[in-house]
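Model, not experiment: these values are computed from the prediction. We name chains A, B, ... by the order of the sequence lines, and we start the count at 1 in each one.
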Amino acid sequence: MEQPTTTSTPHSHSGSPSIGEPMTLRNDTAIEMQNLSAWYSKNQVLHAIDLDIAAKQVCAFIGPSGCGKSTLLRWLNRMNDTIPGARATGKIALHGVSLLDSALDVVDLRRRVGMVFQKPNPFPKSIFDNVAFGPRLHRIYSRTDLEELVEQSLRASALWDEVKDRLTSSALGLSGGQQQRLCIARAIAVGPELLLMDEPCSALDPRSTASIEELIRELRATYTIVIVTHNMQQASRVSDSTAFFYEGKLVETGPTDVLFTTPKERRTEDYVTGRFG
Amino acid sequence: MKTGRTIPQAKRILSNRLMWAACLGATTIAVLVLSALLITIAIEGTGALSWSFLTSFASRKPAQAGIIAPLMGSIWVCAICAIVAIPVGIGTAIYLEEYARRSRIKSLIQLNISNLSGVPSIVYGILALVAFVRFFGIRSADDAWTFGNAESIFYLQIPFGPSVIAGGLTLALVVLPIMIISSQEALRSVPQSLRQAALALGSTQWQVVWHVTLPAALPTIMTGAILSMSRAIGEAAPLLVIGGFLLVFQTPANLMSDFTVLPLQIYNWAGRPQSDFHKIAAAAIIVQLVVLLAFNTIAIIIRQKLQRPLQS
């Protein structure tokens with residue numbers, strides 16, 4: 001159960017499994033998927049996915065547009081429930097709890113699984129109220145407890161120093177990068193076990209992207225993180241393991257450095273080296 | 001690649017100027033007609049405006065006639081209309097936009113609401129006459145179910161008869177489709193990303209509506225409410241059908257009171273042959289416009305209050 005150090009070398013896998021060997025998980029498994037297929041109406045977008053994601057690691061989903069990676073992400077917190085005609089078969093388990101169970105309390109699930117979206121989507125409320133939004137939905141806090149929780153969350157998302165003097169001003173006045181970090185703070189404040197990030201940097205400039213990436217590496221100590229990204233460098237910088245999807249199928253998965261340096265599949269190699277995609 | 005023929009620059013500039021002139025012309029016509037109307041009314045009516053005009057009841061003598069009864073009647077009826085139509089309208093819009101799944105029944109409801117907004121208001125008057133005033137003939141007026149004391153403000157009888165509450169409910173029917181449609185549009189304009197953000201934090205559907213969608217849509221909903229109430233305060237036809245009175249010598253005391261409203265009073269006075277009555281009709285129109293402006297001002301103030309936390 002070794003935990004890679006979070007600061008110096010983000011993906012220093014000692015003893016990567018050699019090619020052809022089944023991937024062994026170094027940590028506890030957070031998410032297990034078996035034979036997962038998903039549809040939007042009659043259009044099948046995921047085909048029999050088998051994938052395990054380790055706890056307290058960053059797993060990157062990569063692949064060309066329309067490969068199903070975002071769909072898969074949105075099944076992990078059942079956000080697809082909001083889309084008419086979306087359905088899935090197979091099995092997804094989060095720490096042993098089956099997520100596709102029709103009796104599952106999705107509201108409770110989404111409390112345990114935070115999500116950060118492609119475009120920063122802060123509520124048109126104050127910075128404080130944005131972070132306090134989730135906690136207030138689920139529990140009643142005293143003012144001081146809530147203030148403490150908001151501060152912790154903003155510190156965890158490396159935003160506290162920038163906003164501590166203007167917590168009551170609107171979140172819409174923040175820059176794009178700050179807004180995205182606020183959205184991360186908002187997700188963290190609920191106390192999730194798993195953080196889903198759907199291309200969190202695609203709407204941001206390089207500097208903001210760098211700060212979010214640094215934040216992701218720090219958050220790995222506390223949370224299991226699944227990140228969808230179109231940016232190959234980003235995947236290699238922030239993730240411990242990577243899953244490559246193509247046309248709704250999981251082509252290859254493994255430790256990030258292995259997948260990027262010595263991929264088993266030809267298509268993976270073509271994609272990560274930028275030959276298509 | 002086909003390149004197409006170049007449109008001459010002069011032609012583009014000319015068409016731009018022409019459209020500008022056409023739009024300006026359209027605006028000018030609208031403004032001119034409105035100002036002509038307002039100026040005529042002002043010239044004719046201001047002379048008749050006085051404190052006693054506002055505080056007196058109707059009279060056969062134009063010099064002594066006043067509008068306290070229709071003024072208070074309008075306020076009562078519109079208040080009832082607002083209390084009923086605004087929450088019901090917003091509630092319906094929330095159901096249709098936030099809860100109802102796409103289905104044939106939903107499209108049918110939607111189609112009907114759109115159609116209802118185009119139904120002449122007098123038709124609502126006929127419906128209200130049967131439903132509210134006569135209560136489908138289940139009980140006669142002499143044999144009404146009575147609640148409370150006739151002097152009390154909570155006095156209520158069913159069937160309502162041609163009372164303030166029947167008038168208010170009638171107007172609520174008239175404006176409900178407008179209220180629903182404008183609220184729906186307001187809710188639809190709230191970005192989907194905000195709903196997703198709230199859902200992803202573990203909100204129930206109601207928490208999404210209450211904490212996110214509704215606050216974001218409320219300023220626009222208030223605009224719809226202003227339009228609805230402006231419509232309600234100007235309606236005369238449906239109230240005439242349900243038996244709104246033309247001459248009333250009391251202000252409403254409770255929901256069962258007889259009533260008249262400003263448009264009915266104006267209609268009454270404007271139809272008389274004596275020109276003195278036309279003057280007080282014009283004065284009543286001025287009062288009606290002021291009441292309308294007051295309603296809108298209140299709504300705008302509420303809207304500003306609601307908007308404040310959203311600004312940066």
Which bit of Val113(A) comes within less than 4.5 Å of chain B, counting heavy atoms only: side chain, backbone, both or neither?
backbone

Atom CG of Leu36(A) and atom CG of Leu100(A): how far apart are they, to the nearest 0.5 Å?
6.0 Å

Are Asp198(A) and Arg74(A) close enough for a salt bridge, meaning some N to O gap below 4.0 Å?
no

Go through the atoms of Asp81(A) and report whether side chain, backbone, both or neither lie under 4.5 Å from a heavy atom of chain B.
backbone

Between Met79(A), Lys119(A), Arg136(A), which shows the greatest number of heavy-atom pairs under 4.5 Å with chain B?
Met79(A)

Around Leu111(B), counting heavy atoms of other residues, nucleotides and ligands shown, do more than 12 lie under 6.0 Å from its CG?
yes

Quick one: what part of Gln196(B) sits under 4.5 Å from any heavy atom of chain A, side chain, backbone, both or neither?
both

Heavy-atom distance under 4.5 Å to chain B: side chain of Val190(A), backbone, both or neither?
side chain

So what's closer than 4.5 Å to chain B heavy atoms on Arg186(A): side chain, backbone, both or neither?
both

What part of Pro192(A) gets closer than 4.5 Å to chain B, counting heavy atoms only: side chain, backbone, both or neither?
neither

Mark yes or no: Arg101(B) above the aromatic ring of Tyr95(B), with NZ or CZ under 6.0 Å from the six-membered ring centre and no more than 45 degrees from the axis.
no

Heavy-atom distance under 4.5 Å to chain B: side chain of Phe117(A), backbone, both or neither?
side chain

Could you give me the CA-CA distance, side-chain angles and deciding distance for Ser182(B) and Ile221(B), then say whether side chain to side chain contact (heavy atoms under 4.5 Å, CB included) is met?
CA-CA 6 Å; Ser182(B) 60; Ile221(B) 290 177; over 6 Å; no

Charged N-O contact under 4.0 Å between Arg195(B) and Glu98(B):
yes

